[in-house]
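Single-structure report; data block below.
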Number of protein chains: 2
Amino acid sequence: MDKDISQAVIGRLPRYLRYLGELKDKNVERISSSELSVLMKVTASQIRQDLNNFGGFGQQGYGYNVDYLYSEISKILGLEHQYNFIIIGAGNLGKALGGYLNFEKRGFILKGMFDKDPALIGTEVRDVKVMPMDDLPAFIRSNDIDIAVLTIPKEGAVLVAKVLVENGIKAIWNFAHVDLDVPEYVQVENVHLSDSLMKLSYNISSYMENNK
Amino acid sequence: MDKDISQAVIGRLPRYLRYLGELKDKNVERISSSELSVLMKVTASQIRQDLNNFGGFGQQGYGYNVDYLYSEISKILGLEHQYNFIIIGAGNLGKALGGYLNFEKRGFILKGMFDKDPALIGTEVRDVKVMPMDDLPAFIRSNDIDIAVLTIPKEGAVLVAKVLVENGIKAIWNFAHVDLDVPEYVQVENVHLSDSLMKLSYNISSYMENNK
DNA sequence: AGATTTCTGTTAAATTCTTGTCAATTACAG
DNA sequence: CTGTAATTGACAAGAATTTAACAGAAATCT
């Protein structure tokens, strides 16, 4: 159906959604691309171009209806679906992600947590119990799990990803510092925190270089 | 000194560094752009082009020396510096980041943690005590803090960022779900986790659309 | 030592992404 | 109800990024 939309465009949609959400909260009814461009510090042209990848949501002389645009972008992002997810790795990061109530609001439902550490098994995050890794395959199958969040060290991640794929996971949100090799029908989104920190490091030291 | 290197290139350097680190661990001495391109699933051309932004690290007929290239990229990324950092927000995410020993290895030294919740004050992460927010300004100044990690809800983040800037912070690693407005001499790296999750959601639902 | 292969750095071409422009449509004021 | 201002969607122009091509330098083979 869709031709393909570049990941650059997709990457900007959540930010549009965030600003539109704020406008909704302020009961703003309509907004033009140029007003929005000032708020968001991007060009109006880019906003119009991005939105037009998905069809015309605005109206000449009027602009965009905030509520309508918000809901259209939500749909594009697939946020009207409900996704069941599990977290593998019940350390601080796993617990942090499991505790975010906002994810639930967006339709991401935490169904289970797993860890190999016996000390953590049985502990809870928001009524969800941490289970042993052995239970993982059966759990995915019988609970219709769509997404697995990988918050374990890179050593185990590749193997766990294999198990996930074998049991029919649709997507992996990968916080392990390693590239996963999965079939193309499994979606992977990497969050490599140390990469992000290194970028910051580059920008600090490059700024210092240029201004000393 | 440097002309400006695009953020796209910078964003790829940490990944090069990761692969080179793995090669180092395997005692691989040299590698050509085309071998590396196979490992990393990018074009050899891109690797050569990226590296040449910073000067010629390779040699015709030989390729790149792994150790040398690793250390050059480390330098480019500013990883030979040492950075003092603090974490603001001692929830699970803050604790997770504070606990990463790998950051220390890269030269990022955790000097303090802060939270407004009295229940958390005095608790520790790796010998580092959580302090009350009131102590923040003085602490930054007297401990030569370079980087602040913001792991607090968006409501407080804008205000805290203001305080950070006033007290001379150089960079902010921002996990709060809001765009910070800071002077251009303060480097900001955003990690918007829910944006990342939405991208994943888009890719899941777009894949399903195209393959039903 | 000379011939052959490997492989970089660099330039050129192709592609993708971003920005600017403007006709056409709609809203709104008088 | 008509004229003016606002604003989109589409397209064109301009930038930036990525990929390809290749001359020439170094390594390796015989």
Side-chain angles (χ1 to χ4, degrees), chain A residues 2-16 19-20 23 28-73 76 195 199 202-203 206, chain B residues 2-16 19-20 23 28-73 76 195 199 202-203 206:
Chain A
D2 293 309
K3 322 108 280 198
D4 37 278
I5 310 293
S6 81
Q7 288 292 308
V9 174
I10 305 308
R12 285 190 290 266
L13 293 182
R15 188 155 179 264
Y16 292 140
Y19 278 82
L20 290 167
L23 291 168
V28 176
E29 192 186 286
R30 61 186 248 191
I31 192 158
S32 69
S33 57
S34 69
E35 290 170 294
L36 190 55
S37 78
V38 172
L39 283 179
M40 296 188 62
K41 298 179 181 167
V42 297
T43 62
S45 210
Q46 180 163 73
I47 294 173
R48 295 204 299 274
Q49 186 89 340
D50 282 351
L51 296 178
N52 267 91
N53 279 296
F54 306 97
F57 300 136
Q59 195 156 53
Q60 286 137 320
Y62 173 89
Y64 298 87
N65 178 282
V66 172
D67 279 0
Y68 175 66
L69 187 55
Y70 183 92
S71 90
E72 286 301 309
I73 294 180
I76 293 166
D195 290 15
K199 259 197 287 179
Y202 173 86
N203 286 323
S206 141
Chain B
D2 293 308
K3 320 108 282 192
D4 39 275
I5 311 292
S6 80
Q7 288 292 309
V9 173
I10 304 309
R12 284 191 290 267
L13 295 181
R15 186 154 179 265
Y16 292 140
Y19 277 83
L20 290 166
L23 291 168
V28 176
E29 192 186 285
R30 60 187 249 190
I31 192 157
S32 68
S33 58
S34 69
E35 291 170 294
L36 190 56
S37 77
V38 172
L39 283 179
M40 296 188 62
K41 298 178 181 166
V42 297
T43 63
S45 208
Q46 180 164 72
I47 294 173
R48 295 204 298 275
Q49 191 84 284
D50 281 351
L51 297 177
N52 266 91
N53 279 296
F54 306 97
F57 300 136
Q59 194 157 53
Q60 285 136 322
Y62 173 89
Y64 299 87
N65 178 281
V66 172
D67 279 0
Y68 175 65
L69 186 55
Y70 183 92
S71 89
E72 286 300 308
I73 294 179
I76 293 165
D195 289 14
K199 260 199 283 180
Y202 173 85
N203 286 323
S206 141

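Below, chains carry the letters A, B, ... as their sequence lines are ordered, and counting in each starts from 1. Computation of the quantities below employed the complete heavy-atom set of this structure, encompassing side-chain atoms and omitting hydrogens, waters and symmetry-equivalent molecules.
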Between CD1 of A:Ile47 and P of D:dT7 the distance, given in whole Å, is 13 Å
Of C:dA27, D:dC22, D:dT17, the nucleotide closest to the side chain of B:Ser6 is D:dT17
Between A:Glu35 (side chain only) and A:Ser32 (backbone N and O only), is there a donor and an acceptor less than 3.5 Å apart? yes
B:Asn53 CG to C:dT11 P, in whole Å, measures 13 Å
A:Met40 CE to C:dT19 P, in whole Å, measures 13 Å
Ranking D:dG9, D:dT19, C:dA27 by distance to the side chain of B:Gln49, first place goes to D:dT19
**Message:** With a 3.5 Å distance limit and no angle check, can you tell me whether B:Arg15 reaches the backbone of B:Met40 through a side-chain donor-acceptor pair?
**Reply:** yes
With respect to the phosphate group of C:dC22, does any side-chain polar atom (N or O) of A:Arg48 fall under 4.0 Å of OP1 or OP2?
no
Taking atom types as they are modelled, is there a donor-acceptor pair under 3.5 Å from the base of C:dT6 to the side chain of B:Arg30? no
Between B:Ser34 and A:Val42, the residue closer to the 5' end of DNA chain C by nearest nucleotide is B:Ser34
Atom CG of B:Leu36 and atom C1' of C:dC7 are separated, to the nearest Å, by 14 Å
### Residue-phosphate contact under 4.0 Å: B:Gln59 side-chain N/O, D:dA26 OP1/OP2
no
Notebook entry, point to check: Which part of the nucleic acid, if any, lies within contact of B:Ser45, taking any heavy atom under 4.0 Å across all strands shown: a base, the sugar-phosphate backbone alone, or nothing?
Noted result: base
From CD1 of B:Ile31 across to C1' of C:dC7 the rounded distance in Å is 13 Å
Subject >> Stacked cation flag B:Arg30 on B:Tyr62, 6.0 angstrom / 45 deg >> reply: yes
Taken to the nearest whole Å, CG/A:Leu51 to P/D:dT8 is 9 Å
Sorted by position of nearest nucleotide on DNA chain C, 5' first, the leading residue of A:Gly61 and A:Val9 is A:Val9
Original post:
Judged by modelled atom types alone, do A:Gln59 and A:Asn65 share a side-chain donor-acceptor pair under 3.5 Å?
Top reply: no
On the side chain of A:Gln60, is there an atom forming a donor-acceptor pair with the base of D:dT8 - under 3.5 Å, no angle test? yes
**Prompt:** Is the phosphate of D:dT8, meaning OP1 or OP2, less than 4.0 Å from a side-chain N or O of A:Asn52?
**Reply:** no
When all nucleic acid strands are considered with a 4.0 Å heavy-atom cut-off, which category describes B:Thr43: base, sugar-phosphate, or nothing? sugar-phosphate
When rounded to whole Å, the OH to P distance for the pair A:Tyr62 and D:dT4 reads 25 Å
Is any side-chain nitrogen or oxygen of A:Tyr64 closer than 4.0 Å to OP1 or OP2 of D:dG9?
-> yes
From CD of B:Gln46 across to C1' of C:dT10 the rounded distance in Å is 16 Å
Where the side chain of A:Arg12 meets the backbone of A:Asp50, is there a donor-acceptor pair that is under 3.5 Å apart?
no
